Amino acid sequence: QVSLAESGGGLVQAGASLRLSCAASGGTFNKVAIGWFRRTPGKEREFVASISREYNKTSLADSVVGRFTISRDNAKNAVYLQMNSLKPEDTAVYYCALDPEGVVVPDEYEYDYWGQGTQVTVSS
């Protein structure tokens, strides 16, 4: 059984940095893609970033390009989302998700497994 667990969220001031971690268990981690999504109250879940199983191909939402980076450590079954220059509009619950196909996609419906989420709050 695949499970995902996010950590690293918190309350920070605008301009600060946070690194979110996604720890995976079960399955073959180096064969899957991992995505990060976020949701704020009253809005639909939004794609943030994803990283493929091969060559570490990445994709980022336009709103986070130049501020966020995604990386993975297959030896640790972990994916990281480094978030710099945080803005109040980045406030959300951040979820990591697993796509067994291993391909970088922004569509949440391609992801079969989801973590419980971690809250990120950025104050102005």
Side-chain angles (χ1 to χ4, degrees):
Q1 180 68 24
V2 174
S3 66
L4 302 171
E6 305 92 340
S7 62
L11 171 62
V12 297
Q13 290 189 330
S17 297
L18 280 174
R19 188 176 83 152
L20 304 185
S21 298
C22 174
S25 62
T28 305
F29 186 74
N30 63 352
K31 294 186 181 296
V32 304
I34 298 292
W36 284 97
F37 293 78
R38 64 188 181 187
R39 175 179 278 163
T40 55
K43 294 186 178 181
E44 300 205 356
R45 193 152 48 190
E46 173 189 23
F47 170 77
V48 177
S50 62
I51 187 164
S52 70
R53 67 180 180 185
E54 294 180 334
Y55 311 117
N56 286 341
K57 181 179 178 181
T58 63
S59 178
L60 295 169
D62 290 343
S63 59
V64 305
V65 168
R67 300 189 299 122
F68 291 12
T69 57
I70 185 171
S71 61
R72 67 190 295 161
D73 185 340
N74 288 339
K76 296 182 178 180
N77 282 10
V79 170
Y80 308 101
L81 184 68
Q82 178 66 43
M83 307 187 297
N84 299 328
S85 301
L86 283 162
K87 304 176 181 179
E89 51 264 44
D90 294 318
T91 295
V93 177
Y94 284 72
Y95 301 88
C96 67
L98 184 151
D99 172 17
E101 298 298 318
V103 179
V104 168
V105 288
D107 186 349
E108 64 177 299
Y109 297 105
E110 295 292 329
Y111 294 83
D112 292 348
Y113 301 94
W114 293 81
Q116 294 299 308
T118 185
Q119 176 71 47
V120 171
T121 303
V122 184
S123 63
S124 57

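Counting begins at 1 with the first residue of the sequence. Because the structure is a prediction, the values reported are computed rather than measured.
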If you look only at distance, which donor and acceptor atoms sit under 3.5 Å apart when one is on a side chain in residues 35-44 and the other is two or more places apart or in another chain?
unit_1	atom_1	unit_2	atom_2	d
Arg38	NE	Glu46	OE1	2.8
Arg38	NH1	Asp90	OD1	3.0
Arg38	NH1	Tyr94	OH	2.9

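- Thr28 pairs by the side chain to side chain contact (heavy atoms under 4.5 Å, CB included) definition with Asn30, Lys31, not counting sequence neighbours.
- Residue Lys57 holds its NZ atom at 13.5 Å from CD1 of Ile70, rounded to the nearest 0.5 Å.
- Taking OG of Ser17 as the reference point, atom CZ of Arg19 lies at 12.0 Å (rounded to 0.5 Å).
- Sorted by first and then second residue, the disulfide bond (SG atoms under 2.5 Å apart) pairs involving residues 35-79 (not counting sequence neighbours) form an empty list.
- Closest of all the heavy-atom pairs between Leu60 and Ala49 is CD2-CB, 3.4 Å.
- Contact record, Phe47 with Ser59: CZ-O, 3.7 Å, taken as the closest heavy-atom pair.
- With sequence neighbours left out, the side chain to side chain donor-acceptor pair (under 3.5 Å) criterion links Thr58 to no other residue.
- The list of disulfide bond (SG atoms under 2.5 Å apart) pairs with a residue in residues 33-86, not counting sequence neighbours, is empty.
- For residues 25-68, no residue pair satisfies the disulfide bond (SG atoms under 2.5 Å apart) rule, not counting sequence neighbours.
- Put simply, Val48 and Met83 are part of the same group of oily side chains (I, L, V, M, F, W, Y) that touch within less than 4.5 Å, one to the next.
- Here side-chain hydrogen bond (donor to acceptor under 3.5 Å, both in side chains) pairs that include residues 99-110, with residues two or more places apart or in two chains, are Arg45-Glu108.
- Following chains of ILVMFWY side-chain contacts shorter than 4.5 Å, one cannot reach Val105 starting from Val79, and the two form parts of different hydrophobic clusters.
- Panel note: side chain Ser52, backbone Gly102; no donor-acceptor pair is recorded below 3.5 Å.
- When hydrophobic side chains of Ile, Leu, Val, Met, Phe, Trp and Tyr are connected at separations under 4.5 Å, Val104 ends up as a singleton with no cluster partners.
- The side chain to side chain contact (heavy atoms under 4.5 Å, CB included) check on Ser71 picks up Tyr80, with sequence neighbours excluded.
- Side-chain heavy atoms closer than 4.5 Å link hydrophobic residues (I, L, V, M, F, W, Y) into clusters, and following such links, possibly through other members, connects Tyr111 to Val103.
- At a threshold of 4.5 Å between non-hydrogen side-chain atoms, the residues Phe68 and Leu20 do not count as touching.
- Evaluation of the side chain to side chain donor-acceptor pair (under 3.5 Å) rule for Gln119 yields Thr121 as partners, not counting sequence neighbours.
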Let me have the donor-acceptor pairs involving side chains of residues 1-15, under 3.5 Å, with sequence neighbours excluded, atom names and distances please.
unit_1	atom_1	unit_2	atom_2	d
Ser3	OG	Ser25	OG	2.5
Glu6	OE1	Gln116	N	3.1
Glu6	OE1	Gly117	N	2.8
Glu6	OE2	Cys96	N	2.9
Glu6	OE2	Gly117	N	3.2

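- Once rounded to the nearest 0.5 Å, the distance linking CD of Gln82 with OG1 of Thr69 reads 5.5 Å.
- In the hydrophobic clustering of ILVMFWY residues, with side-chain heavy atoms under 4.5 Å counting as a link, Ile51 and Tyr113 come out together.
- In this structure, Val93 is not a member of the same hydrophobic cluster as Leu98, with clusters built from ILVMFWY side-chain heavy atoms closer than 4.5 Å.
- Under the side chain to side chain donor-acceptor pair (under 3.5 Å) criterion, Arg72 pairs with Asn74, not counting sequence neighbours.
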